[in-house]
Number of protein chains: 2
Amino acid sequence: MLKKERQAFIMHEIDIHNKVLSSDLSLQLNVSEDTIRRDLQELDDTGILTKVHGGALSKSFHFTLKNNIVYSQSEKKSIALKAKALISDGMFILLSGGTTIIELIKSLSPDLRATFFTVSIPSALELLDHPNAEVIFIGNKLLKNSQMSVGAEVVQRLSEIKFDLCFLGTNSIDAEQGLTDLDLEVIEVKRAMIASSAKVISLSISKKLNTVQRMKVCNIEEVDILITELDPQDHLLQPFLAKGLTII
Amino acid sequence: MLKKERQAFIMHEIDIHNKVLSSDLSLQLNVSEDTIRRDLQELDDTGILTKVHGGALSKSFHFTLKNNIVYSQSEKKSIALKAKALISDGMFILLSGGTTIIELIKSLSPDLRATFFTVSIPSALELLDHPNAEVIFIGNKLLKNSQMSVGAEVVQRLSEIKFDLCFLGTNSIDAEQGLTDLDLEVIEVKRAMIASSAKVISLSISKKLNTVQRMKVCNIEEVDILITELDPQDHLLQPFLAKGLTII
DNA sequence: ATAATAATTGCATCTTTGTGCAGTTTTTTA
DNA sequence: TAAAAAACTGCACAAAGATGCAATTATTAT
């Protein structure tokens, strides 16, 4: 294969995915990573992509990244690590949206082979970066703000599948009021998610504990496991323990 | 064999494969690689191919690489503007993935009120930025590379809805071979998209015209309208006109 | 037709380019 | 902060390219 061909392939990949990994390209094109790095350097020199540690980004993507630098919160990372331990090979796992869930996906071992279902586009995109995850998006009408699908069609599809684990990036959780949320359509979907799952796990940073929104999703008893960044002995968690939840 | 004959053969190979290797040509034409190199140099001087280390590339191929960002973008914009004119309020519109489709979505008037269906995540995300579009994602298993959903479930859902317009960002379109693509699962979905739509519109930048991939999606007659950045009188488009397509 | 001239081609030689590898340094991650 | 991943550097070697030269082939003029 000609060098220019290889570089055209790299640009093609960049067009599609907005990013490339040196390691992937090395495998796909059957040349050493050094060669890929040299190609990326050349392409960067001509200015049509931006080389970064590990690979390269499209010019436009790099621009957007620079404009919203996200400091990924250490609390969410700590929650993600605890949640990860519950997942094993072969499971059917249902994921909601939310930054905590994104952290969980990022922290997954690349070797994990499981089937992930989600109704959230950001979660789906993050899952697609995982080399061995089977990703299934339950689609229908999309909400503009939350970028998740809602509606009867979604509820129906969810009811047809039995999931091992359901991870909810929870907005508001309270020992008395249970899970609550803002949007009627979101609530319907969350209820369906909970109903179809053997174990429901709520991921909540501590400041979301004991907060209540307008509309009820379900009672606290429907949640099996609550994961926060706090120590399980923390006094904030005692009401949930009393309700029979497992705290991690 | 005359020099001109040899060079004609080289150009023929370039037309078919978009590239040639000096070593291959040397064997096929039974002359030394030096001679081939001199031929390629001459052809490069006249500007009808681009000589590179190891062989030569077709102009269009090289063009793609060199001007990836700026130029092909403007072609796609021109296509998007022509396509936009076909859309009006209240329509049910089905969109594939691809950068040309993204351009189309970006160019839509903010006042337009229509319902958009898609199987492509990038298209869905772009649609969500439109203030008045109703966005419906037909979800199922997601392909890692193309970020689109595939599978029987998708085909089934598509078959249940009747769309006014279907815009396909076409990979390969040929007057004789029709639409072709690389991936079996993608083909199944595209077929279902075409079957459920009153009008099928193919958006193709000119360099995708008269190219063929491994697997057939449908005959050219199934496509109603072909939109390119070229003038409808362009000779490249005559074969499609002859097949009864509307050219814009 | 044929000699003179010009163009084409292959080969030998030297130069440049492309690629992988080993050792070291930098960056990222746990 | 230590271990792992990625990057960089210099080097070796193979592949491809350039160039001058001689042999062959084609073209032109007489």
Side-chain angles (χ1 to χ4, degrees), chain A residues 1-10 13 19-46 49-57 62 65-66 69-87 100 102-112 126 129-132 227 229 248, chain B residues 1-10 13 19-46 49-57 62 65:
Chain A
M1 175 175 254
L2 298 168
K3 187 171 84 159
K4 295 281 176 185
E5 266 189 284
R6 210 172 47 223
Q7 296 185 349
F9 178 87
I10 293 173
E13 287 292 301
K19 75 168 190 186
V20 288
L21 302 182
S22 306
S23 51
D24 283 356
L25 290 171
S26 167
L27 287 173
Q28 290 176 68
L29 295 167
N30 223 42
V31 292
S32 74
E33 293 198 19
D34 299 73
T35 300
I36 297 297
R37 270 190 284 275
R38 280 183 276 237
D39 282 340
L40 295 180
Q41 186 58 56
E42 267 185 51
L43 293 168
D44 189 330
D45 289 345
T46 71
L49 55 68
T50 305
K51 189 170 178 297
V52 296
H53 194 95
L57 302 173
H62 187 237
L65 258 190
K66 263 189 5 204
I69 304 157
V70 182
Y71 298 94
S72 145
Q73 292 151 351
S74 60
E75 299 129 26
K76 290 183 177 173
K77 277 222 171 103
S78 122
I79 292 174
L81 291 179
K82 294 181 189 174
K84 178 172 77 159
L86 301 172
I87 302 175
T100 316
I102 299 284
E103 276 304 321
L104 167 59
I105 299 170
K106 280 186 178 156
S107 76
L108 293 173
S109 150
D111 300 325
L112 176 70
E126 199 61 47
D129 277 342
H130 187 283
N132 289 305
I227 303 184
E229 84 278 16
I248 303 184
Chain B
M1 174 175 257
L2 268 61
K3 188 168 83 158
K4 294 282 172 194
E5 275 186 274
R6 212 172 44 225
Q7 296 187 349
F9 179 85
I10 292 173
E13 287 293 301
K19 73 157 187 181
V20 288
L21 303 182
S22 306
S23 51
D24 284 356
L25 290 171
S26 167
L27 287 172
Q28 291 175 66
L29 295 167
N30 222 43
V31 291
S32 74
E33 294 198 18
D34 301 70
T35 302
I36 298 297
R37 269 191 285 275
R38 280 183 276 238
D39 283 340
L40 295 180
Q41 187 57 57
E42 268 185 49
L43 293 168
D44 189 331
D45 289 345
T46 71
L49 56 68
T50 305
K51 189 170 177 300
V52 298
H53 194 94
L57 301 172
H62 188 242
L65 173 62

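We name chains A, B, ... by the order of the sequence lines, and we start the count at 1 in each one.
Judged by distance alone, with hydrogens and angles left aside, A:Arg6 brings no side-chain donor or acceptor close enough to the base of C:dG18 to form a pair under 3.5 Å. Side-chain to base pairing of B:Arg38 with D:dG17: no donor and acceptor N or O lie closer than 3.5 Å to each other.
For the pair A:Asp34 CG and C:dT24 P, the interatomic distance rounds to 16 Å; values are reported in whole Å. In this structure, B:Asn30 atom CG and D:dT24 atom C1' are separated by 16 Å, rounded to whole Å. Put simply, CG on B:Leu40 is 12 Å from C1' on D:dA16, counting in whole angstrom units. A straight line from CD of B:Glu5 to P of C:dT9 spans 11 Å, rounded to a whole angstrom. Look at CG on A:Leu21: it is 14 Å from P on D:dA5, rounded to the nearest Å. A straight line from NE2 of B:His53 to P of C:dT16 spans 13 Å, rounded to a whole angstrom. Between the CZ atom of B:Arg37 and the C1' atom of D:dT19 there is a distance of 12 Å, given to the nearest Å. Rounded to whole Å, the distance from CG on B:Asp39 to P on C:dA7 is 16 Å.
With respect to the salt-bridge test (charged N to carboxylate O, under 4.0 angstrom), the residues B:Arg38 and B:Glu42 do not qualify.
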- [ ] Might you work through the side chain to side chain contact (heavy atoms under 4.5 Å, CB included) test for A:Lys4 and B:Lys19, ending with a clear yes or no?
- [x] CA-CA 10 Å; A:Lys4 295 281 176 185; B:Lys19 73 157 187 181; over 6 Å; no

TODO: Please assess B:Ser32 against B:Thr35 for the test side chain to side chain contact (heavy atoms under 4.5 Å, CB included), listing each intermediate value before the final yes or no.
DONE: CA-CA 5 Å; B:Ser32 74; B:Thr35 302; 3.2 Å; yes

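Here B:Lys4 lies out of heavy-atom contact (under 4.0 Å) with every strand. B:Ser23 comes within 4.0 angstrom of no nucleic acid atom, judged by non-hydrogen atoms across all strands.
Nearest heavy-atom pair across A:Lys84 and A:Leu108 is CD-CA, 4.1 Å.
Each of A:Met1 and A:Ser107 lies near DNA chain C, and the nucleotide nearest A:Met1 is the one positioned closer to the 5' end.
Distances shown here put a side-chain N or O of B:Thr35 below 4.0 Å from the OP1 or OP2 atom of C:dG10. Contact annotation: A:Lys84 does not reach the phosphate of C:dA30 (side-chain N/O to OP1 or OP2, under 4.0 Å). For the pair A:Lys51 and D:dA6, the criterion of a side-chain N or O lying under 4.0 Å from OP1 or OP2 is not met. The phosphate of C:dC21 has neither OP1 nor OP2 within less than 4.0 Å of any side-chain N or O from A:Ser32.
Under the 4.5 Å side-chain criterion, counting only non-hydrogen atoms from C-beta, A:Lys3 is not in contact with B:His53.
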